[in-house]
Amino acid sequence: MRWLELLKRDPVPWLLDPGNPSARLLTLRYLLKKPPADLDEEYARLLAWTPIVALREHWNRVNFWGREADPYFGGALGNFGTLYLLTQLGVPRFPEVEPVCENLLDRGRSDDGRFAPTGISGLPWLCYTGMALQIMQHFGYGNDLRARSARLALLQAILLRPETLACPIAGGDCAHGLVKALAGLLSIPAEQREASETQAMAIVGEWLISYPYDFDRRDAEWLQPTFPRYYRSDLLELCHVLAQTPYHAHPRFQGLLRRMLELQTAEGRWNKQRATPALTEERIQHPSRWLTFEAVHTLTLAYGDDIYAA
């Protein structure tokens, strides 16, 4: 089956609209397979985009986008949240990002290497560590010893102490956190992954594919995708990370894909369903270019991308 047959209309021309240079860049890079070296103009347009210019104007030398003493202060609008936002948008590294990454590496980690807010007992760490690993890889800090200590802490938890993966706020296993953890491991370039990291990805993938999702009741919010995200996940992100693993061929994955496809509109697009205070470029209950790109990329990973890759 070709992925385009699963869509009600081809959304790729719509994704290439220059009005959203972030979605356009992601589409060119991951759907049309343009090498990064050929995307310099697209990266320049993204840096010149009004939301990014506004973020850079709000940066200051003392506290950056939040509070220097606490990278997690401000949630999705603070230093950690803004770094994660920029990572999701595909924004390239620029000078203001560098001290914020250094601050996160110095002040955002616990003694054992995990990324998590401090000073509050019982706070989850899995989601924050997964997001932090994505940030570090995106901005070129993936091989920093401080980032590698977080990779090691995550590996030890998955392979040796799985009981530490439980979230005290969720009251046990947390699929949201495991999606972020798997995304963090997937952000490590394949040629740099160690065998233990591949093993850990398989364990997390197995957990996520086997989880008894109750989309009609308990997990109904998973059917309300949004972008950009913070520590909560949704069905589109879940399918996107699983599609990058061998589990994209699993029968249960096909069931998740069917649920994802049911969310598309008559135009073959996916609507934003929840508010996102970090970025308000797209309105609730309106088509999202970012979510639509993610859904289409998931389908190409699952069924092949021969249509546009040429």
Side-chain angles (χ1 to χ4, degrees), residues 1-15 20 22-23 26-27 30-31 88 90 127 130 134 174-183 186 201 204-276 282-309:
M1 178 181 293
R2 304 182 81 185
W3 61 265
L4 194 55
E5 298 172 10
L6 299 171
L7 298 174
K8 296 176 182 178
R9 289 181 62 181
D10 181 3
V12 173
W14 177 69
L15 293 175
N20 185 328
S22 167
L26 295 172
T27 300
Y30 295 104
L31 298 184
Q88 294 174 86
C127 50
Q134 294 174 66
C174 178
H176 296 277
L178 284 167
V179 168
K180 304 298 181 181
L182 181 54
L186 284 166
M201 288 168 54
V204 177
E206 177 67 30
W207 191 98
L208 287 171
I209 204 72
S210 302
Y211 183 75
Y213 300 97
D214 183 5
F215 293 128
D216 296 322
R217 295 180 180 82
R218 182 194 64 222
D219 301 313
E221 66 175 1
W222 285 74
L223 302 182
Q224 300 173 345
T226 192
F227 191 96
R229 302 180 180 93
Y230 197 45
Y231 51 74
R232 286 196 172 277
S233 188
D234 55 53
L235 179 61
L236 266 66
E237 185 180 23
L238 170 65
C239 288
H240 193 227
V241 297
L242 285 174
Q244 298 172 60
T245 75
Y247 289 99
H248 73 267
H250 195 284
R252 286 182 61 87
F253 180 71
Q254 297 302 313
L256 295 173
L257 271 188
R258 284 193 295 273
R259 278 283 195 169
M260 186 191 81
L261 288 166
E262 290 172 359
L263 299 179
Q264 71 174 306
T265 68
E267 290 77 31
R269 302 169 186 179
W270 274 259
N271 286 346
K272 175 180 177 177
Q273 302 284 356
R274 285 180 282 151
T276 51
E282 296 180 332
R283 293 185 291 167
I284 299 175
Q285 305 303 332
H286 284 74
S288 165
R289 283 186 168 86
W290 285 300
L291 291 174
T292 302
F293 156 76
E294 189 172 54
V296 173
H297 189 218
T298 295
L299 293 174
T300 65
L301 291 168
Y303 295 105
D305 53 7
D306 58 302
I307 297 175
Y308 278 102

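The chain is numbered in sequence order, starting from 1.
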Between OG of Ser288 and CD of Glu294, what distance do you get to the nearest 0.5 Å? 9.0 Å
Rounded to the nearest 0.5 Å, how far apart are NE2 of His176 and NZ of Lys180? 9.0 Å
Donor-acceptor pair, Ser210 side chain versus Trp207 backbone, under 3.5 Å? no
Between Cys127 and Tyr231 the two heavy atoms that sit nearest each other are SG-CB, 3.8 Å
Under 3.5 Å, is there a donor-acceptor pair between the side chain of His286 and the main chain of Ile284? yes
Is the backbone N or O of Glu282 less than 3.5 Å from a side-chain atom of Lys272, with the two atoms forming a donor-acceptor pair by type? yes
Shortest non-hydrogen separation from Val241 to Leu186 and the atoms involved: O-CD1, 3.5 Å
Tyr30 and Phe293 aromatic ring geometry - parallel, tilted or perpendicular at 30°/60° bounds: tilted
For a side-chain contact (heavy atoms from CB on, under 4.5 Å) check, start with the C-alpha distance between Leu256 and Phe215, then their side-chain angles and the critical distance, and finish with the verdict. CA-CA 10 Å; Leu256 295 173; Phe215 293 128; 3.9 Å; yes
Please step through side-chain contact (heavy atoms from CB on, under 4.5 Å) for the pair Val12 and Leu4, ending with a clear verdict. CA-CA 10 Å; Val12 173; Leu4 194 55; over 6 Å; no
To the nearest 0.5 Å, atom CG of Leu299 lies from atom CG of Leu7 at 5.5 Å
With heavy-atom distances below 4.5 Å as the criterion, would you say the side chains of His240 and His297 are in contact? yes
Asn20 side chain near Trp290 side chain, heavy-atom distance below 4.5 Å: yes
Salt bridge (Lys or Arg N to Asp or Glu O under 4.0 Å) evaluation trace for Asp10 with Arg269: CA-CA 9 Å; Asp10 181 3; Arg269 302 169 186 179; over 6 Å; no
All heavy atoms of Glu221 vs all of Arg274, minimum pair found to be O-NH2, 3.9 Å
Would the distance check show the side chain of Arg252 and the main-chain N or O of Tyr211 forming a donor-acceptor pair, the cut-off being under 3.5 Å? yes
Let me confirm one number: the CG-CG distance from Leu263 to Leu291, rounded to the nearest 0.5 Å. 10.0 Å
Sidechain-backbone polar pair: Tyr213 side chain, Leu208 backbone, donor-acceptor under 3.5 Å: yes
Out of curiosity, Arg259 CZ to Leu235 CG, how far, rounded to the nearest 0.5 Å? 8.5 Å
Treating Asp219 as the side-chain partner and Asp214 as the backbone partner, does any N or O pair qualify as donor plus acceptor under 3.5 Å? yes
Contact summary for Leu26 and Gln88, nearest pair of heavy atoms: CD1-O, 4.0 Å
State the CD-CG distance between Gln264 and Asn271, to the nearest 0.5 angstrom. 11.0 Å
Please tell me whether Trp222 and Ser233 have a donor and an acceptor in their side chains that are separated by less than 3.5 angstrom. no
Does any donor atom in the side chain of Thr226 or Gln273 lie under 3.5 Å from an acceptor atom in the other side chain? no
Check Leu261 against Leu6 and note the closest heavy-atom contact, atom names and distance. CD2-O, 3.7 Å
What's the shortest heavy-atom distance between Tyr303 and Gln254, and which atoms? OH-OE1, 2.8 Å
Should Glu237 and Arg229 count as an ion pair when the cut-off is N to O under 4.0 Å? yes
Using side chain to side chain donor-acceptor pair (under 3.5 Å), reason through Trp270 and Thr265 one step at a time and then give a plain yes or no. CA-CA 6 Å; Trp270 274 259; Thr265 68; over 6 Å; no
Side-chain contact, heavy-atom cut-off 4.5 Å: Leu236 with Phe227? no
